[in-house]
Every structure is written in C-alpha cells, then in structure tokens.
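Note sheet for the following structure.
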Amino acid sequence: MPVCLLVRDDDSHHKPIQLHHQQAVTLGRGPETTIKDKKCSREQVELRADCNRGFISVKQLGTNPTNVDNVVVGKGNQVTIKPGQRLYMVNQMYPYTVKFTEETFTARSAAEGSKASKRSHRMSAEGNGEKTKSPADTTSTSDCSPPAKKTPPPGPDKPEFNGHWSQGLKVSMQDPKMQVYKDDRVVVIKDKYPKARYHWLVLPWDSISSLKALRPDHVDLLEHMQRVGDQMVQQCRDAHKPHFRMGYHAIPSMSHVHLHVISQDFDSPCLKNKKHWNSFTTDYFVESQDVVAMLERDGQVTVKEAASELLKLPLRCHECRKEQPTIPKLKEHLKTHQSV
DNA sequence: GTTCTAGAAC
DNA sequence: GTTCTAGAAC
C-alpha cells in the first residue's frame, strides 16, 4: 500500500509527516509541525489518508481558517486534498502538499522499480490476518532491554522515516509485533522503555490526542480501557506479583491518549532520571478512575497548570516517603522494600 | 519520549 | 579523580 506523506512546503524544512491509512491524525500548533503561531489551534485539523485511493480528507477543528488552495475549509467542515493541491494550516500560512509514494523516502530514483530496499521480511504469522490474543496468552517475563542501538546510520538509499518522535505510539500500536492484546476498541502494547518489571500501555484505536480532547461520550471507552488494564494485571502470573497502578500522565510527551499500567517495583534499567520517577510517583500520574470521575463530573479533563513542576520535586520513595539524594541511591533504597 | 555530554557535585 | 544531573538535540 502506498505511504502517505504530508510535506511542508515553505522554508521551515521540518520532516514530512506520515499518515497511516484510514487513521485519523490531529495536527496543529506543536512540535510535529513546528508551528508556534497562536492563531493556529493545537488541534487545527483532523486528517485521514486513504492510501489506496490517494487522497486525504481534512476537517477543520480550529476557529481560524484552514485552506485547501484558495478555498477556506470552515470550522466543522470536511474536504479532500489530492496530490497537487496545497493545504494551508491556518490563515493561508504553513503550506503542505500531499505525496503518496510506495517507498519511504528514497534518494535514488524509484523509477528503476528496485525492490532491494524492502529491508524486513514480514513474519509469516503476520500474513494470516488478525491475531487476537486473550490477555491471558501474554508472557509474563518482563522484557526491558530496548532494541539494539548503535545500528549504523541508514544508507542514503534507504533511510527509514517514522515521523516525529512524539508520534511513536501511533506507529507502535499498529505494529502486530508490539501488540499484546487487542479488541475492537483498544490495543495494548508493552512500553518500549518500561519503567518497571511490568509496564503496558492501553491505547484506543480512535485518535484522541490528549486528555484535553476527552469528551463525555468517551467515558465508556475509558472504562473499557481500565477493564482491559485490569485484565492485563490479572493475567500477570508473577510468583511475587507486585502492586500495580493505572493512570495517565498529566502532560504526556507522546501523542495519542494512553493508559499506563505499571507495576510498583520500578525495577528497571530504563528508569533513569528524576522526570521518569516523578512522572509515576507524584500527582503528575493521574489515576484512571480519577480521570473517569472528572470526565463524568465536569464533562472534560483538566490538569493543573503547574503539573510540569511536579517533575522537579525531590526524589521521594513511593513506599515510605523517604527522600533520596540521587537516582542510584533511590534504586538502592527501593531494594529494601522488595520482597525478592 | 531517548541520547548525549558539559559541568556540577562529590 | 568519578558520579550524576540537567539541558540541548534529535
């Protein structure tokens, strides 16, 4: 299937944004577009690519005008963009064009029809359609080692494009090799850099950019995510089953709402700094049930503006509240609470 | 989000 | 001298 790329068309030169087939993506002011203009909403447009038919549908979410060529889309309206047409994110500025290409960025001409750059052969298991696991099927061994690094930089003829790092979850959740559970509404993946022996992420298939985008009719979905998280905990057959917490980061770095399901041992080489620690052990970590309750009560979820300050708090043990001077000392201290 | 590294802390 | 953090770059 062709790959859809949204290419910035002025001199900002930010990397093209890859759109996955029929997956809604919200774009606006933010790191992916490098747009800092306050006239542009953080959720200015919703885009959905049809890679088979070769167009993108765009819906204007923000108040200020998004254009396709000279035509204003208008808030709430939806139009299509085809290759050759130009999308202006807001106020006739920040132009983008659409490209559909078979290959992910090749410096060499694709005209030769070279198939040499098909680097990875898909595993046969992937070919036979959906694999739908029960959560009970998942292995219980924690696999924390991040993928081998120090791979040589990709050659000029086959760089791999995965979009801005903040979009990484959207890529991972689509990868069958990452999925440990899925149903019609959510998918569960292991956190790529787990901060504890067990650390899963529950993600809705629907594109919900952040807690701020949650609406009252998402309550059902959030409760389902919580139930699936519960199931993940229940299927964990660790002899010394740790305590778990489920919740959301107040200000997550990664796009796409994701529920953390994390064991409270925090025994992981991937937990390396104060930000990691405080993001799971202060109020920066908002319990799933609190998010649901807030959404039911207020019809929306708001986080304290000062939430990011919580990440700078001194390192304090989550069990006994004792303050620790450094991360290595904290890790030593955590062992005193461990039953194994 | 991670990696890298300068320089602070010890 | 080494360890560790924090900020820049990605």
Side-chain angles (χ1 to χ4, degrees), chain A residues 5 8 12-18 20 25-27 29-36 42 104-105 142-154 156 159-175 177-178 187-196 198-203 207-213 247-262 266 268-282 284-286 303 307-317 323-335:
Chain A
L5 297 174
R8 181 68 167 265
S12 89
H13 294 127
H14 78 69
K15 289 181 186 169
I17 296 165
Q18 185 172 354
H20 294 275
V25 170
T26 312
L27 283 180
R29 173 162 46 95
E32 313 142 65
T33 60
T34 71
I35 297 172
K36 297 188 179 76
R42 288 182 194 282
T104 53
F105 281 173
S142 154
D143 172 18
C144 179
S145 46
K149 41 191 175 185
K150 296 285 174 223
T151 48
E160 293 201 3
F161 176 74
N162 288 311
H164 189 267
W165 57 260
S166 65
Q167 304 303 303
L169 289 180
K170 298 182 194 186
V171 178
S172 296
M173 66 186 276
Q174 299 291 339
D175 181 354
K177 291 190 284 297
M178 304 286 282
V187 59
V188 182
I189 60 175
K190 283 188 189 178
D191 193 293
K192 198 170 170 187
Y193 298 91
K195 305 302 185 290
Y198 303 96
H199 187 180
W200 295 288
L201 304 178
V202 185
L203 304 111
S207 176
I208 304 170
S209 60
S210 68
L211 294 180
K212 216 179 116 186
Y248 300 85
H249 280 157
I251 309 167
S253 301
M254 307 295 278
S255 267
H256 201 110
V257 159
H258 52 284
L259 173 66
H260 289 271
V261 180
I262 184 165
F266 295 112
S268 165
C270 302
L271 196 154
K272 293 177 175 173
N273 59 44
K274 182 176 269 188
K275 183 175 171 179
H276 291 156
W277 178 255
N278 284 335
S279 72
F280 288 102
T281 60
T282 68
Y284 193 89
F285 189 83
V286 190
V303 294
S308 58
E309 294 302 306
L310 296 170
L311 298 176
K312 298 172 188 166
L313 289 172
L315 299 169
R316 199 175 280 285
C317 173
E323 195 173 315
Q324 300 295 328
T326 65
I327 288 285
K329 293 267 166 45
L330 171 67
K331 291 198 169 205
E332 277 304 307
H333 173 83
L334 290 180
K335 289 181 187 167

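These values consider heavy atoms only, across backbone and side chains, with no hydrogens, waters or symmetry-generated copies. Reminder, nothing fancy here: chain letters follow the sequence lines and each chain counts from 1. Predicted model, so just to flag it, every value in this text is computed and none were measured.
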Under 4.0 Å between any heavy atoms, over every strand shown, what does [X] touch: base, sugar-phosphate, or nothing? Just pick one.
X: A:S166; answer: nothing
X: A:H249; answer: sugar-phosphate
X: A:L169; answer: nothing
X: A:K329; answer: nothing

Legend entry - Exercise: identify the closest heavy-atom pair between A:S253 and A:K275: OG-NZ, 4.1 Å
Legend entry - Residue pair A:K195 / A:L271: nearest heavy atoms and the distance that separates them: O-CD1, 3.6 Å
Inset, instruction - Classify the angle between the aromatic ring planes of A:F266 and A:F280 as parallel (below 30°), tilted (30 to 60°) or perpendicular (above 60°). - result: tilted
Legend entry - Leading and trailing nucleotides of DNA chain C with any atom under 4.0 Å from heavy atoms of chain A: C:dC4 to C:dC10
Inset, instruction - Could you please spell out the steps behind the side chain to side chain contact (heavy atoms under 4.5 Å, CB included) verdict for A:M178 and A:M173? - result: CA-CA 7 Å; A:M178 304 286 282; A:M173 66 186 276; over 6 Å; no
Inset, instruction - Could you tell me whether A:R316 atom CZ has more than 12 heavy atoms of other residues or ligands within 6.0 Å of it? - result: yes
Inset, instruction - Go through the steps for A:S279 and A:H249 under the test side chain to side chain donor-acceptor pair (under 3.5 Å), then give the verdict. - result: CA-CA 7 Å; A:S279 72; A:H249 280 157; 3.3 Å; yes
